[in-house]
Amino acid sequence: MARLRQGKRLLPARFFLRDTAETARELLGRRLVRTLPDGSSVAVIVVETEAYLGVGDRAAHTWNGRRTPRVLPMWGPGGHAYVYRIYGLHHCLNVVTKRAGEPEAVLVRAAVPEDEWLDRSAAGSLRFSGPGKLCAGLAITTALSGASLRGPELRLEAGPDRPFDVLVGPRVGVDYAGEAAAWPLRFGVAGCRAVTARKALSGSRPGS
DNA sequence: CCAGAGATATGCT
DNA sequence: GCATATCTCTGGC
């Protein structure tokens with residue numbers, strides 16, 4: 001069953017070494033599998049991402065070369081997780097991109113359960129809409145910061161072969177008056193409630 | 001529907 | 001002390 005095998009294929013290491021915004025776009029529709037210590041697992045499909053472009057990006061935690069203990073995973077090679085706690089309350093999952101020494105990452109903003117994605121009604125429950133809710137739903141904490149995205153606890157796979165349209169827009173949050181904030185750094189799946197129920201993304205493009 | 005408060009980690013000034 | 005890559009609840013229109 002080539003088709004089935006294709007869907008469960010782990011994303012290769014080189015997937016994470018490309019341009020970060022491109023990786024953010026390419027992460028849409030991919031399967032994220034979280035396996036818990038008790039052996040159970042949850043599979044979700046990524047529907048919203050946001051790119052953070054490293055030392056020159058004021059919104060990035062590594063802006064201006066910051067290299068604190070919290071962000072060390074971002075300085076490592078792509079293909080690993082960077083998880084941080086925000087507002088003392090929520091956790092946010094990032095996919096580290098590029099090579100070691102180029103501290104860029106993609107924030108995973110929303111996902112939907114795989115079965116709902118395959119139903120094509122793809123509205124999806126709002127269970128995983130928002131980076132904090134996603135981490136809460138998948139039991140992702142800072143304990144996973146630095147973990148491989150090709151490991152036993154967290155896996156990124158090619159995902160189901162299902163076409164969708166892509167929405168692009170500026171990053172959420174403060175406008176840093178820098179160029180990066182105005183660029184298309186946010187990517188979402190058109191028609192997905194987990195995306196559209198939040199903030200409007202503008203601009204539609206044909207996806208794959 | 002929209003605005004504001006509150007939870008309180010992390011890092012900067 | 002202050003800001004932030006968040007979310008939920010509350011109260012007002």
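Just so we're on the same page: letters track the sequence lines, and every chain starts at 1.
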*Separation of L134(A) atom CG from dC7(C) atom C1', in whole Å?*
14 Å

*dG4(B) and dA3(C): how far apart are their P atoms, nearest whole angstrom?*
16 Å

*Check the surroundings of atom CZ in R18(A): do more than 12 heavy atoms from other residues, nucleotides or ligands lie under 6.0 Å from it?*
yes

*Run the numbers on Y52(A) and R171(A) for side chain to side chain contact (heavy atoms under 4.5 Å, CB included), then give the verdict.*
CA-CA 9 Å; Y52(A) 287 85; R171(A) 195 163 42 205; 3.3 Å; yes

*asked:* Donor-acceptor check, side chain of R31(A) to backbone of I45(A), threshold 3.5 angstrom: yes or no?
replied: no

*Verify the contact: side-chain N or O of R109(A) to OP1 or OP2 of dT6(C), cut-off strictly under 4.0 Å; return yes or no.*
yes

*Rounded to whole angstroms, how far apart are CZ on R127(A) and C1' on dT8(C)?*
18 Å

*Just how far, in rounded Å, is P of dA5(C) from CE of M74(A)?*
13 Å

*Identify which nucleotide among dA5(C), dT4(C), dG11(B) has an atom closest to any side-chain atom of P69(A), counting heavy atoms from C-beta outward.*
dG11(B)

_Distance check needed: dA3(C) P versus R58(A) CZ, whole Å only._
14 Å

*Kindly indicate whether the side chain of Y84(A) and the base of dA5(C) share any N or O donor-acceptor pair separated by less than 3.5 Å?*
yes

*Below 4.0 Å: OP1/OP2 of dC12(B) and any side-chain N or O of R66(A)*: yes

*In Å and rounded to the nearest 0.5 Å, what is the CG to CZ distance from L93(A) to R34(A)?*
10.0 Å

*Kindly point out which of dC7(C), dA9(B), dG11(B) is positioned nearest to the side chain of R85(A)?*
dA9(B)

_V55(A) to P103(A) - nearest heavy-atom pair and separation_ = CG1-CG, 3.9 Å

*Starting at atom CG of L107(A), determine the distance to atom C1' of dA5(C), rounded to an integer number of angstrom.*
5 Å

*Where the side chain of R70(A) is defined as all heavy atoms beyond and including C-beta, which of dA5(C), dT10(B), dC7(C) is the nearest nucleotide?*
dT10(B)

*asked:* If I take atom CD in residue E48(A) and atom P in nucleotide dA5(C), what distance separates them, rounded to the nearest angstrom?
replied: 15 Å

_Using a 4.0 Å heavy-atom cut-off, does I86(A) contact any base of the nucleic acid, only the sugar-phosphate backbone, or nothing at all?_
sugar-phosphate

*Pairs involving residues 126-160 of chain A, ordered by first then second residue, that meet ring-ring contact (aromatic ring centres under 6.0 Å, His included) (sequence neighbours left out)*: none

*Stem regions touching DNA chain B, defined by at least 3 consecutive Watson-Crick or wobble G-U pairs below 3.5 angstrom*: B:1-7 with C:6-12, B:9-12 with C:1-4

*Taking CZ from R171(A) and P from dT4(C), how many angstroms apart are they, rounded to a whole number?*
13 Å

_Rounded distance (nearest 0.5 Å) linking atom CH2 of W75(A) with atom CZ of R99(A)_ = 13.5 Å

*Find the distance K133(A):NZ to dT8(C):C1' and express it as a whole number of Å.*
9 Å

*Heavy-atom pair with the smallest gap, counting every atom of A110(A) and S129(A)*: CB-CA, 3.9 Å

*With heavy atoms under 4.0 Å as the rule, sort G132(A) into base, sugar-phosphate or nothing.*
sugar-phosphate

_Whole-Å P distance, dC2(B) and dA5(C)_ = 22 Å

